[in-house]
Amino acid sequence: MLSMQDLLAASPVRLAPMAAFTNGPFRIIAERCGSGFTTSEEIDADALIRDNARTELLAQQYPLRQPVAMQLLGSSAETLVPAALRLVEAGADIIDINMGCPVPKVVRKGKGAALMRDVGATARILAALRAALDVPLTIKIRGGWDDHTLNAVEVARMARNVGVDAITVHPRSRSQRYAGRAPWDVIADVVAAVDIPVTGNGDVTSLADARRMMAETGCAAVMVGRAALGRPWLFDPEHATLAPEARAQLERQVVADHLALIEEHLPPKEALIQAKKQLAAYAAGGPGARALRGELFAAPTIGAARAIYERRGAIADESRTERDGVAAGA
Ligand SMILES: Cc1cc2nc3c(=O)[nH]c(=O)nc-3n(C[C@H](O)[C@H](O)[C@H](O)COP(=O)(O)O)c2cc1C
């Protein structure tokens, strides 16, 4: 069986799963930029075994170079086991169980972060998965359900004891959602409690941050989520060393390749939505981003969206010229 220890040593920094963003095209681009192996967005086990068409699209395989981790959401072994077997048959090399999703409609059904509440019941689910699968089984957890039940260490120990091969920790609690700083000391506590590899996650925005998280917590690897949206080149150690023109050229190429992959791999309707979403992420934080976003989402075709996005360069140039003019006392 694939060794998670070796794989994580070879993949110190990787893209985190993000629903509606980290589909195949984005994962291919992140890998090309230097991300370690990637994890699919969350796939609902109940919907998958009902042959829901949209869910099947999420479970589709792409030409990724590295092992493929596929993530499942579920609340019982009755659906998680057959769904996991189906994903393995379709090509998944690793099965990851989502134990951190805080979305109310997910936790109400006992899925995502709700799995951290009843540790005994979750142990039985994970043991059933472990017995059924011959690929690594991993979990992604939060710090706990809420600030009164920060039980990441207890859950990690239980997971290790039922044979889970690796754990990712996003240390905020479910009730914290994404507010406040991620308390990295919870990652260090989990690292100290188990002898299986731990991936740390939360508020990492650069390779330097990732190295700092590894040094401060002892985690074996790091996952980067939001900071990689519209900035997949953050996985590329060369990017920050390039001169501004070469850097801009590399970024333009990444965006163009990403759009081409979206058109190649997604059905037309989905491709248009994805292209707009990803272009809005690439434009975020830049000059005129808010206005650009509105225009992007009204675009009728991918070509039109791309033309709107490319005008962003002109907007940036105009504002730079204005700034330079002010600085020069013009
Ligand atoms: C839009 C969005 C979608 C997400 N979807 C998932 C998901 O499908 N599965 C999962 O385990 N985590 C999901 N997450 C959580 C991230 O993987 C990650 O744990 C979290 O964003 C903290 O890391 P960051 O500070 O690097 O963003 C999502 C986060 C965001 C912002």
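Numbering of ligands and ligand atoms starts at 1, following listing order.
Under a 3.5 Å cut-off, the side chain of Arg27 and the backbone N or O of Leu64 do not form any donor-acceptor pair.
The salt bridge (charged side-chain N to carboxylate O under 4.0 Å, His left out) search around Glu154 returns none, not counting sequence neighbours. Shown here are the salt bridge (charged side-chain N to carboxylate O under 4.0 Å, His left out) partners of Arg306, two or more places apart in sequence or in another chain: Glu310.
Ring pair Tyr178/His170 is parallel by interplanar angle, where below 30° counts as parallel and above 60° as perpendicular.
Other residues sharing a hydrophobic cluster with Val103 under the 4.5 Å side-chain heavy-atom criterion for ILVMFWY residues are Leu73, Val106.
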Stepwise side chain to side chain contact (heavy atoms under 4.5 Å, CB included) check, Ile97 with Val164: CA-CA 10 Å; Ile97 303 300; Val164 165; over 6 Å; no
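Closer than 4.0 angstrom to ligand 1 sit non-hydrogen atoms from Ala16, Pro17, Met18, Ala19, Glu42, Gln71, Asn98, Lys140, His170, Tyr178, Asn201, Gly202, Asp203, Val224, Gly225, Arg226.
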